Each structure stands twice: as structure tokens, then as C-alpha cells.
Amino acid sequence: MAETDWAYLDAMTDEEAEANALADPDNPPVTQEQLRAAQRMPQVKVMRRALRLTQEEFAERYQIPLGTLRDWEQGRSVPDQTARAYLRVIAKNPVGTAEALQKSVA
């Protein structure tokens, strides 16, 4: 694998860098239509803060391991497909989700 020529990259103008990025066949730009059709992923930290919960409270309420929640919030990992679906359920109905989990434990 070739070394990255950082001096060359640093010397590029923004326009040159954008043109190179747009020309990359392995990473084509997303169209506006694709962007509109994409499912939005609820941001865990935003949801948690909107609910005025600490990480510990959110993790306990929704039965998510605290370390996993921290990794998601800090970008060390991303939720898998099942977790993303669960987060969408929490985002749509946080109270109902918490109540359903409490009833299943009781």
C-alpha cells in the first residue's frame, strides 16, 4: 500500500479536493432523492437529553448496557439493525416503551 502524500493533499484547494471526492468511483455522492428516502437514525444522545435522563438512567430504563450506550454516544460503535429498530421505537413512544419493559420485569 502506498504512503499518503500529505503535502500534496494539504496543497489542494477546496475545489480540487471536492472534485477528487466527486470523481471517486468507490464512493459516489448521495443524491437528494436518496437522502430523502433514507431512514433517519435517532441520535441516542439527543433522545436521552430530550428525556432529561443521565446515561445511567436511560440505560436502566430501556435495558441497554451502559457501556454499549456510552460507545454509541461517543462514536466508538454504532447500533446494529436490531438496536436501530429498538431506538426508533423509543423515539416514537418513550413512555410506552419504558412501561412495557417495566411490566415485563414485574
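Quantities reported herein were computed from a predicted structural model and do not represent experimental measurements. Heavy-atom basis, side chains included; hydrogens, waters and symmetry copies ignored. Heads up: numbering here begins at 1 and tracks the sequence.
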**OP:** May I ask whether Leu101 and Ile90 are part of the same hydrophobic cluster, defined by side-chain heavy atoms of I, L, V, M, F, W, Y residues being less than 4.5 angstrom apart, directly or through others?
**Re:** yes
Subject >> Members besides Val95 in its Ile/Leu/Val/Met/Phe/Trp/Tyr cluster (side-chain heavy atoms under 4.5 Å) >> reply: none
Original post:
Can you tell me if CD on Gln74 sees more than 12 non-hydrogen neighbours from other groups inside 6.0 Å?
Top reply: yes
Original post:
Trp6: which other cluster members, linking ILVMFWY side chains closer than 4.5 Å, directly or transitively?
Top reply: Tyr8, Leu9, Met12
Less than 3.5 Å apart, which donor and acceptor atoms pair up between the side chains of residues 21-32 and the rest of the protein, not counting sequence neighbours?
| unit_1 | atom_1 | unit_2 | atom_2 | d |
| --- | --- | --- | --- | --- |
| Asp24 | OD1 | Asp26 | N | 2.9 |
| Thr31 | OG1 | Gln34 | N | 3.0 |
| Thr31 | OG1 | Gln34 | OE1 | 3.3 |

**OP:** Sequence neighbours left out, what passes side chain to side chain contact (heavy atoms under 4.5 Å, CB included) with Thr13? Give chain and number order.
**Re:** Glu15, Glu16
Original post:
With Asp71, which residues qualify under side-chain hydrogen bond (donor to acceptor under 3.5 Å, both in side chains), at least two apart?
Top reply: Arg76
**OP:** Is it possible for you to say whether Tyr86 and Val46 belong to one hydrophobic cluster, with membership spreading through side-chain heavy-atom contacts below 4.5 Å?
**Re:** no
**OP:** Sort and list the pairs that fulfil salt bridge (Lys or Arg N to Asp or Glu O under 4.0 Å) and have at least one residue in residues 50-66, not counting sequence neighbours.
**Re:** Glu56-Arg70
**OP:** Could you list the residues that satisfy ring-ring contact (aromatic ring centres under 6.0 Å, His included) with Tyr62, not counting sequence neighbours?
**Re:** Phe58
Subject >> Donor-acceptor under 3.5 Å (Thr68 side chain, Ile64 main chain) >> reply: no
Subject >> CA sep, side-chain torsions, deciding dist, call: Gln43, Met47, side-chain contact (heavy atoms from CB on, under 4.5 Å) >> reply: CA-CA 6 Å; Gln43 296 295 315; Met47 286 179 12; over 6 Å; no
Subject >> Asp14: side chain to side chain contact (heavy atoms under 4.5 Å, CB included) partners, not counting sequence neighbours >> reply: none
Original post:
Where do Leu69 and Arg48 come nearest, in terms of heavy atoms and distance?
Top reply: CD2-CD, 4.4 Å
Subject >> CG-CD distance between Asp5 and Glu3, expressed to the nearest 0.5 angstrom >> reply: 10.0 Å
